[in-house]
Structure formats: C-alpha cells, structure tokens
Amino acid sequence: MERVMKAVGSPVMKKDAMALVTGKPVYTDDIAPKDCLIVKVLRSPHAHALIEEIHTEAACQVPGIAAILTWKDVPQKRFTMAGQTYPEPSPYDRLILDQRVRFVGDAAAIVAGESEEAVDRALKLIKVKYQVLPAVLDLREAKDNEILVHPEDTWKSFCPVGADNKRNLCASGVDQDGDVEKVLADCDIIIEQTYHTKANQQAMMETFRAFTYMDAYGRIVVTASTQVPFHVRRIIAHALDIPKSKVRVIKPRIGGGFGAKQTVVAEVYPAIVTIKTGRPAKMVYSRYESQIASSPRHEMELKVRLGADRDGKIRAIDLYTLSNTGAYGEHGPTTVGLSGHKSIPLYSSSVEAFRFAYDVVYTNRMSAGAYRGYGATQGIFAVESAVNELAEKLQMDPVVLREKNMVREGVHMPAYYGETADSCALDRCMAKAKEMIRWDEKFPSRDMGNGKVRGVGVAMSMQGSAISGVDVGSVTIKVNDDGFYSLMVGAADMGTGCDTTLSQVAADCLGCSVDDIIVHGVDTDVSPYDSGSYASSTMYLTGGAVIKTCDRLIEKIIARGAETLGCSPEEADFDGKRVYRLDGQGEISLKDLGNQAMCNNRTALEATESNSSPISPPPFMVGMAEVEIDKETGYVELIDYVAVVDCGTPVNPNLVRVQTEGGLAQGIGMALFEEITYSPKGQMYENSFMQYKIPTRLDVGKIRVEVESSYEKTGPFGAKSIGEVVINTPSPAIASAVAHAVGVHIRELPITAEKVFFGMREKR
C-alpha cells in the first residue's frame, strides 16, 4: 500500500478541542471520586533541620481527620522522583518523609481528612521540634562544603555520572574533543565571560495533582496529571516498597506540564495514604505549593571561553557549567549535559576543539527538575551571548559571524554525541528571519528621537528528538467492527496535540480519515509501554512506532482479506477502504472485514510495535528580537520577535505554530520577567503570581513564526521534534538587542530595568 500525505501537513483540529473549549470534565480533579480523603503536607520552615520530636495528638483529635503520617510511619526505602528510564541517572536520595528536611517547604508530615477545613486545622495543631542545622544556599559554595545535604549512607547512585554525596555532588564530568588550550593559544581573539540563569517555574495552569484508590483486586490505582505514566508506576512501587504489579497508573487530560510533570511531585502522598487507610485519597497542590516545593528549572552559572580568528572563524569553545540541583537530585545529572551538548554543536562547521566540564551540586534550596529546554536553554543563553559579544569585539554583524560558523547539513558534530546533521535548514532559517525583521536596516540600533532607542539581536538554537539509544515509543492499533481503528498510545498528550498528530500519521499510513481513528489515553494496564512525553520524543519516536504498527497491521488486513477472497496475500492489496485481488476477481471492504473478524476468527486484526532510535536528529531555530529601551529608566519593551523553525516535515502546521508561540512566550518570560530570590534563611520570596511575574499576551509584543522545512529520513514522513527547541532563543536574542541599543551586556537573567539603568550609568 502506497503512503500518500493527506492528513500529514494539514492543520487538522485537535481531537480534544471541543471537549476543552466547552468545559467538559476531563482533568484529574474533574474525575476524582467525591469521597476522596483530602491530603496535604506539613512543610518545613527551615532550610536544613532534623526533626527531633513531632507531636500529632492534638491534630488527630480534629473531627474528620483519617490519618497523620510522619517519617516513622512510611517506608525507609530511598527512591528518585525523576521520571526517567531505569536505571535512572538521578540518584536515589528521597524518602516519602524523612527525619532530615532539606529546604524550606520540604515535607515533614502528611495529613489526610474528610474535608479541606479539617486538614487545614490539623496542620496548624501539629507541633514539631526541629534541630536547626547550618544550610548551604549558594551553588558556588556547595561543592566540598563541610555542610552535607545528603550525609546518609543509604544514598545511592546507580549510573556512573560522577556523583558523590559526601562532596555535595549530584554529578560531575568532562567531555572534550581536540586540544582546547592549544587552539585557544593560537586564536587572535578570546572572549571569556560568566553567565547566570535563575530557577524558573513552569507555571502550568493545572498544578500538580493526583488521586488514588484500591481496586477490587487489592491493587493501588493512581490517576495523575503526569507526563510519564509508566515511570510513575515504577516510582510509586519503589517508594511504597510494593511490587510494580500492584500499581496501575491512569493519565487523563493534562492541563500543561512543560517538564514539571516529568517528576513525581504529588503522587506519592495520596498513594501512601490509600495504602495506610484503604480509602481513596486526593492531593491538589495550591499555587503557593507549586511555587515553593515543585520542580523548576535548574539554576546554572556558566563560564564560557571562545577563541576566534580576526576573520571571524570560531575555532574553540570551552564551557564550564555549575548547576544547582537543590535539595534532591531529580534530573540533575541529565539536564546539565544539554547545556553543552545542545549549544556547542551549533558551531560544528568551524570549531576545531571543545571542552565541556560540569558540576551539579546539592544545596538547601527547592529541588530542581525538568523544564522545556532541559538545560539547553541555559547553555544556549551563555554560548549565544558569548558569540554576540565576540561579534561586537570583532566589529562584525552577528548574523554574518554565524553564517561563517553555523552547522550545516552534512556536517559532523563531535559535541553532539558524534552525530551528523543529516537534516538541517539552519542557514535558511537565518536568511528568512533576517528578511522578516528587516535586519539590515535595523542593525544594530536606531535612536527614536524621544528618549528611546531600539536595538535588534539574534540567536540560534538546537535541541534533540528523543534520547538516542534509550527512549522507547510504542503504539497498538486494532481494527474494530465497521472498520474503524483504535489507536492506543503510551505517550502522554499534555496539550501538545500528540493524540492528533499521531492520528494524522496513522491516517496516512492506513489510507483513512483522521476521524476514523479513536485515540485511547494512557493506562499502564492496557497501553503499550512508552517512556513518556519528554525529551521532544513523541512525534519522532512514537510517530515512528505508528508507521511500523500500521505496516504490520496492513499485512494482517491483507492476509485476512486474501483468505476470504481465496487467494494468497501476495495476490492481494489494501487501499485503505478494501482488500482486493490484483487480478480484479474480487474484493472485500474494510467494514465487512472488521465485522467478519468478530465471528469465528483465529487472527486478531491488531498490531503492536515499539520504536527506538540510535540517533536524535536535532531541530534547529533562529530567533531575532527588536526591543525599545527608555534611556531615562532602563525599561525594556519587546517590540517584535521573529522565529524560523526547522522541525523537519511539519505534521500539523497549526500545532507547530502554537507550540512555537507558546515556547517563545515562556522564553520571553525567562528573559525579561521571571525572578527567583531567597531570604538569608532559604525562604523563597516569589511564592505567588503576585511576586513571580510571568508574561501576559500584552507583555510578549508581536510574535511572528515561520517554518523552513528539512527532511529527516529517519523520522515519520520526514518529521523531527518541535516541543523544546522553541524556548531557547529569546534570552540571548533579547540580551543582544539590549546591548546593541544601549551598550549594556546583561549576563544574569532576567533583564530588568534596574540592571539596564545601572549598566547605562556605569557605562557613562
């Protein structure tokens, strides 16, 4: 059967669009049983302390309280909350409740009751005597500090990531190619700068939430807003110290994740309550809890050395990343790698040698986790900013500098795990973006004559498409009576629209309409195994599984039809509507075949296939920003942002556009607004949206998005990923635009009016 692109490449409406816009009950809290116990956590007021005594007697007397659990009541088996493939690179450093609390907001006790009022009252009546310990709060002071965040001997690291809890190291390593020092010594110009990115909150609309209950067979059922249902099953089993066969995980519609829900933030608390009481239990994080005790982006300090010739050839890149994993190590060893491996390869066409070294340290701050971009965002801010500073020192247009050095199709990338850029339209992305923003007439800046000046800036980015050699995508497709299909996926649609785009791929493979395919959400009891929705994996990896599954299913359909038509499978074919004999002597419709298969049938018209990939083809992107700065106050206003993306073949142009626009808005928030600060005692000040500023539609200016397609031969219909690459360019592009406008280089995010104002004053 020949594949024809009809659905792929079309702006098909999302399958769940009408349910969402009409307010149907689809989210976790909508479908929770009404008799769930309400679960909340008593949180530590100290950054580092030991619980000497905890008195719950008075709290237990509150009417409606069903259970109060302390560290003495839960399994003392360490685990990680990171949703990663086993064995996880992240260390096993968690307990459900621990006698040692490691940040302000860490869990000290669990309270479950019939009502929120009863639970809130009980929380106030629990008396805890803490032995307050010295805390390490600054990432620069953590390595080899005498204050240990994890002194316990039960701490474990299963992968060789350079972790050592007795040195406050969650991970440490070096990757290099060539002799960096030798090449740098031979360069005409060297740029050496340090850049600092803060922790950022994903700020998804739906906070962390889950409900749990025991089924009729004595198994615990966890329904959660998660990106990683199969990883949740394993993590819950480890935390509760029960067999995985006793755990079932169901994922309903997710109200946004952006990586936050690649960590099991809330699920363990109602789960342990259900295990202890036998009753359904539910936990819904408040926005306050989501701000102070969740899984934000890793704070990183990045030191960059660039070496170049006078003609603009970038010959060496030396990057050292210091990453703050906070109190626990979720995603610490893996996010840091992307800070180098997704930034340095952008210059593979010219770089002769690179070195990428890193340390990931424990501190007594809220633990970090996964956030869209996953470390690449921080690394690209640093490296792209350094390249922009190099252009200034060379007195060269930063676009021209990039055109001289950027990775192009067919170029080998030593810093990107030794892969080759087999599909790369980065050069065309740059040319298109330059045309869209009218770079030549606006660069570097224009005085508007009213006390304001406008500048333009540029940045490039790349990401990946799944984790090569690790991630698995799987689907099951079956033919139903009347000939419609059920598509069962293990990947979690978290608003990205993968239920729709995977259906588009299946429709073109099977020669049917997207409406003929019913998508079933994730249930670990019935869905085929999938690593989950992270690492920009779903379209590339699970889409590949769709193609393999469709091919296998078509073989079965032809074989079944040929049997009915009295010929061999080689003498028949399938066109999406019917199986027909090649000699024209008979045919049977898919509808009749589907109904026939429901009676006296020995072969199920069903197929399951898995897909993994030895490579991770990167999508590419160019972003250009135009900002206006008030020279009296330093206020920065984003006027225009253009983005051109290479995601291979765009499966659904509408979803590509909204993914890009949404990622840019988050990147603009990181660049201009989102600030995290702590008190001297480790309390985070930005604990609500009153203090933590995320941009509204009015704050992001004009965003314009275009696509420059390439063809990735290993991807479904030539597709690569889109989900993460889109967040990476705003910070360096906006910082560059500010520098071009007023000559001030902001190397610590966010770029605030105060920093610009004092920078201008210092420059004067």
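Side chains included, hydrogens not; waters and symmetry mates left out as well; all remaining heavy atoms used. Only a predicted model underlies this, so the values are computations on that prediction, with no experimental measurement involved.
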Donor-acceptor contact present, side-chain [X] to main-chain [Y], <3.5 Å:
X      : Y      : result
Asn601 : Met598 : no
Asp493 : Thr496 : yes
Ser533 : Ala492 : yes
Ser225 : Phe208 : no
Lys15  : Val514 : yes

Is a side-chain donor-acceptor pair under 3.5 Å present for [Y] with [X]?
X      : Y      : value
Glu330 : Ser90  : no
Thr542 : Asn611 : no
Gln291 : Tyr692 : no
Gln201 : Ser294 : yes
Ser323 : Glu299 : no

Can you tell whether the side chains of [X] and [Y] come within less than 4.0 Å, N to carboxylate O?
X      : Y      : answer
Lys261 : Glu206 : yes
Glu724 : Arg372 : no
Lys24  : Asp30  : no
Asp215 : Arg248 : no
Glu88  : Lys156 : no

Quiz prompt | Asn324 and Thr363: CA distance, side-chain angles, deciding distance, side chain to side chain donor-acceptor pair (under 3.5 Å) verdict | solution = CA-CA 7 Å; Asn324 184 2; Thr363 63; 2.7 Å; yes

Taking the six-membered ring for Trp, are the ring centroids of [X] and [Y] within less than 6.0 Å of each other?
X      : Y      : answer
His48  : Phe103 : no
His331 : Tyr374 : yes
Tyr92  : Phe158 : yes

Practice problem: Using the ring of Tyr27 (Phe, Tyr or Trp, six-membered ring only), decide whether Arg253 places NZ or CZ under 6.0 Å from its centre and within 45 degrees of its axis. | Solution: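 Because its charged atom misses either the 6.0 Å distance or the 45° angle limit, Arg253 does not stack over Tyr27.
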
Practice problem: Establish, yes or no, whether the cationic atom of Arg365 lies under 6.0 Å from the six-membered ring centre of Tyr678 and within 45° of the ring axis. | Solution: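 Positive - Arg365 is close enough to the ring of Tyr678 and near enough to its axis.
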
Taking atom [atom1] of [X] as the centre, does the number of heavy atoms from other residues, nucleotides or ligands within less than 6.0 Å exceed 12?
X      : atom1 : value
Lys77  : NZ    : yes
Lys166 : NZ    : yes
Tyr288 : OH    : no

Rounded distance (nearest 0.5 Å) linking atom [atom1] of [X] with atom [atom2] of [Y]:
X      : Y      : atom1 : atom2 : result
Asp106 : Met366 : CG    : CE    : 11.5 Å
Asp499 : Leu487 : CG    : CG    : 8.0 Å
Met283 : Thr28  : CE    : OG1   : 14.0 Å
Leu502 : Thr538 : CG    : OG1   : 7.0 Å
His238 : Ile242 : NE2   : CD1   : 11.0 Å
Arg94  : Tyr328 : CZ    : OH    : 5.5 Å

Close side-chain approach of [X] and [Y], heavy atoms under 4.5 Å:
X      : Y      : result
Leu148 : Asn165 : no
Arg43  : Ile292 : yes
Arg102 : Tyr362 : no
Pro252 : Ile31  : yes
Pro296 : Asn200 : no
Thr277 : Leu37  : yes
Thr325 : His298 : yes
Leu42  : Val128 : yes

Exercise. Could you check Val111 against Ile126 for side-chain contact (heavy atoms from CB on, under 4.5 Å), going step by step and ending with a plain yes or no?
Key: CA-CA 10 Å; Val111 179; Ile126 297 175; 3.6 Å; yes

Practice problem: Report the C-alpha distance between Asp93 and Thr80 in whole Å, list the side-chain angles of each, state the deciding distance to 0.1 Å, and finish with yes or no for side chain to side chain donor-acceptor pair (under 3.5 Å). | Solution: CA-CA 6 Å; Asp93 55 11; Thr80 177; 5.3 Å; no

Self-check item: Derivation of the side chain to side chain donor-acceptor pair (under 3.5 Å) call for Arg78 and Thr154
Solution: CA-CA 7 Å; Arg78 296 208 174 265; Thr154 53; 2.7 Å; yes

Exercise. Quickly, which of Arg233, Lys244, Arg219 forms a salt bridge (Lys or Arg N to Asp or Glu O under 4.0 Å) with Asp525? Name it, please.
Key: Arg219

Quiz item: Looking at Ser527, Ser531, Ser610, Ser612, which one forms a side chain to side chain donor-acceptor pair (under 3.5 Å) with Ser474?
Solution: Ser610

In a table with atom names and distances, give each donor-acceptor pair under 3.5 Å that connects a side chain of residues 116-124 to protein atoms at least two apart or in another chain.
| residue | atom | partner | partner atom | Å |
| --- | --- | --- | --- | --- |
| Glu116 | OE2 | Lys40 | NZ | 2.9 |
| Asp120 | OD1 | Lys40 | NZ | 2.8 |

